[in-house]
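Computed from a prediction, not measured in an experiment: that's the story for all the values here.
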Amino acid sequence: MASRSPDPDFPARGSTASGSGPVRDEQAAWQRRSIAQVWHPCTQMQRLQAVPPLPIARGQGPWLYDYAGGRYFDANSSWWVNLFGHADVRINAALREQLGTLPHVMLAGCTHAPAVELAERLSALTDGVLGHAFFASDGASAVEIALKMSFHCWRNRGRDSKREFVCVRHGYHGETLGALAMTDVTVFRDAYAPLLLQAHLVASPDARQAGPGETAADVAERALEEVRALFETRHEHIAAFIVEPLVQCAAGMAMYDPAYLRGLRALCERYDVHLIADEIAVGCGRSGSFFAFEQAAGEGEAPLWPDFVCLSKGISGGYLPLSLVLSRNEIYEAFLDDEVARGFLHSHSYTGNALACRAALAVLDRFEQEDVLVRNRASAEALTAALAPLAEDPRIEHLRRRGMIWAFDVREEWAGERFAERFHLAGRRHELLIRPIGRTVYLMPPYVLDDELSAWLAARVRATLDDVLADGTPTRSSDAAGASDPATA
């Protein structure tokens with residue numbers, strides 16, 4: 001159950017602008033020290049003089065608290081990682097137990113129970129189709145691993161010409177060089193373009209592109225035609241296609257019809273191309289099923305699976321860095337040989353960290369013991385209903401939801417300059433920690449919603465929107481709906 005009020009040891013309510021004396025001085029001191037010494041991610045540091053970082057003292061459930069006692073609902077789950085709230089009692093207990101036995105041991109030449117059990121349980125969730133978990137630390141690393149595995153697999157099979165990759169327009173897969181080469185978000189990519197592998201870009205199935213009389217499925221089919229044409233001419237050279245199943249998150253929560261995944265799976269099989277599902281943001285129940293790709297199969301049809309699944313973010317519940325890649329057995333077998341160089345020699349020092357794996361096991365325990373997916377489907381209806389009036393608001397468009405992800409776009413003529421930053425700051429005044437992407441406002445909250453909290457959250461989002469657009473005057477905006485704003489993404 002979500003806590004409705006701040007801890008009694010903290011002042012009653014407030015924000016970074018509230019309070020006085022020693023409390024406010026402490027807030028400001030942490031801001032000054034952070035700006036002086038910390039290079040913040042996804043941030044133009046020059047801007048922090050005008051918009052200092054929010055110092056967070058602690059978290060409990062869906063709430064974060066600053067040093068003045070101000071509370072903030074973690075509406076974006078701290079960059080989409082937190083599933084069950086902060087300082088969860090059960091995950092805390094699991095980590096304390098693991099900490100007292102084995103915090104870490106290298107996974108090269110050694111093994112340990114948390115890594116083995118996690119790999120077993122994740123494979124079982126795919127009915128054994130995917131397995132042999134390869135562990136890393138973050139989402140971009142998992143993408144790098146999948147790309148390398150695909151290329152090396154084809155090479156080991158004597159098909160060296162298959163070294164090209166395909167990604168979806170406006171997709172995001174990380175910011176290391178290999179992952180960035182598969183990313184089509186200008187603000188992240190352009191500065192490093194001379195360093196990057198050149199991937200094939202194909203149309204996005206984003207349902208917002210539907211024309212008059214078109215459905216989301218029509219948009220998906222149109223996008224698949226472009227994939228089909230590319231495969232027809234280049235399949236002998238293409239190693240893999242990488243896709244974010246169901247939701248392209250950094251593209252402004254671009255949601256699309258599952259028919260696209262169904263068609264993509266068929267095309268990859270027909271043309272002998274690996275399919276990589278980047279479930280880093282959309283896996284672990286965010287999309288409504290544990291793996292988003294589970295929704296690729298039509299009703300009553302046999303399950304469909306990609307060749308690789310990349311997981312990170314929510315898999316450790318927002319506690320510790322962990323990522324992994326699951327692959328089909330035939331891919332794993334392509335690396336089995338007496339020759340060392342034919343093995344997959346990629347490594348990270350903290351690969352399969354025991355503490356991180358134990359957190360992930362505690363996350364899976366929660367899913368099993370509490371029937372989280374069923375509970376989420378029920379609890380999500382309350383927030384969907386509470387947000388429904390926004391569909392009639394002339395200032396916004398494309399109100400949408402997939403699983404536990406909600407989004408809407410502020411119309412370009414209403415957004416104005418620095419919309420994302422202004423909305424973020426206004427959200428703080430309404431006890432929200434929320435970071436729009438361009439002019440897309442989205443909610444990806446921890447899995448703790450009930451009717452009361454959903455009504456509160458929807459009301460605060462609407463109040464924040466009204467604050468930001470208070471003058472009631474449409475203007476022109478330089479922000480694009482699907483563009484990522486590095487100050488607030």
Side-chain angles (χ1 to χ4, degrees), residues 79-81 122 125-126 130 133-151 165-185 188-189 196-197 199-202 204-206 223 227 238-256 258 260-261 264-265 268 273-296 304-316 321-328 331 346 402-403 405 437 444 482 484 489:
W79 255 351
W80 322 340
V81 301
L122 288 172
L125 290 175
T126 72
L130 301 171
F134 196 101
F135 294 100
S137 57
D138 58 86
S141 295
V143 168
E144 299 273 354
I145 287 164
L147 297 174
K148 288 176 65 177
M149 278 183 175
S150 176
F151 165 74
F165 296 93
V166 186
C167 54
V168 178
R169 193 166 298 281
H170 308 309
Y172 176 91
H173 299 285
E175 292 161 48
T176 54
L177 290 180
L180 189 58
M182 304 298 119
T183 291
D184 183 42
V185 179
F188 296 126
R189 180 188 170 95
L196 303 179
L197 175 74
H200 297 283
L201 270 176
V202 294
S204 168
D206 182 355
V227 179
I238 294 172
F241 188 113
I242 186 166
V243 64
E244 299 161 272
L246 299 179
V247 187
Q248 293 180 279
C249 293
M253 300 298 156
M255 301 179 186
Y256 60 85
Y260 182 76
L261 297 178
L264 198 55
R265 175 69 275 182
C268 286
V273 171
H274 288 151
L275 179 55
I276 302 170
D278 176 352
E279 299 231 359
I280 290 157
V282 297
C284 303
R286 286 291 182 196
S287 61
S289 49
F290 188 84
F291 295 104
F293 211 93
E294 293 178 63
Q295 298 178 52
L304 297 174
W305 295 102
D307 299 297
F308 300 90
V309 164
C310 301
L311 281 181
S312 189
K313 291 192 181 290
I315 190 60
S316 65
L322 178 68
S323 66
L324 57 95
V325 178
L326 302 174
S327 59
R328 287 181 180 264
I331 292 171
H346 190 101
R402 170 67 67 176
I405 306 172
I437 300 174
M444 202 185 288
S484 179

Hey, does the side chain of R402 reach the backbone of R286 with a donor-acceptor pair shorter than 3.5 angstrom?
-> no
What residues form a side-chain contact (heavy atoms from CB on, under 4.5 Å) with R169, not counting sequence neighbours?
-> D184, L201
Using the test ring-ring contact (aromatic ring centres under 6.0 Å, His included), find all partners of F135 that sit at least two apart in sequence or belong to another chain.
-> none
Can you list the residues that meet the side-chain hydrogen bond (donor to acceptor under 3.5 Å, both in side chains) rule with E294, with sequence neighbours excluded?
-> none
Is any side-chain heavy atom of F165 closer than 4.5 Å to a side-chain heavy atom of I242?
-> no
Check L264, V273, V243, V166 against V227 for a side chain to side chain contact (heavy atoms under 4.5 Å, CB included) and give me the one that passes.
-> L264
Sequence neighbours left out, what passes side-chain hydrogen bond (donor to acceptor under 3.5 Å, both in side chains) with S137? Give chain and number order.
-> none
Are the side chains of F291 and L326 in touch, meaning some heavy atoms are under 4.5 Å apart?
-> yes
Which residues share a side-chain hydrogen bond (donor to acceptor under 3.5 Å, both in side chains) with S312, sequence neighbours left out | none
Sorted by chain and residue number, the side-chain contact (heavy atoms from CB on, under 4.5 Å) partners of A136 (sequence neighbours excluded) come out as S141, I145, S323, H348
Quick one: does L311's side chain get under 4.5 Å of L122's, heavy atoms only?
-> yes
Check salt bridge (Lys or Arg N to Asp or Glu O under 4.0 Å) between R265 and all other residues, then give those that pass, not counting sequence neighbours.
-> E269, D307
Stepwise, does the side-chain hydrogen bond (donor to acceptor under 3.5 Å, both in side chains) test hold for S204 with H170?
-> CA-CA 7 Å; S204 168; H170 308 309; over 6 Å; no
Can you name the side-chain contact (heavy atoms from CB on, under 4.5 Å) partners of A223, sequence neighbours left out?
-> A203, P205, Y260
Contacts of E244 that satisfy side-chain hydrogen bond (donor to acceptor under 3.5 Å, both in side chains) - sequence neighbours left out = none
Partners passing ring-ring contact (aromatic ring centres under 6.0 Å, His included) against F290 (at least two apart in sequence or in another chain) | F367
side-chain contact (heavy atoms from CB on, under 4.5 Å) partners for A281, two or more places apart = W80, C249, K313
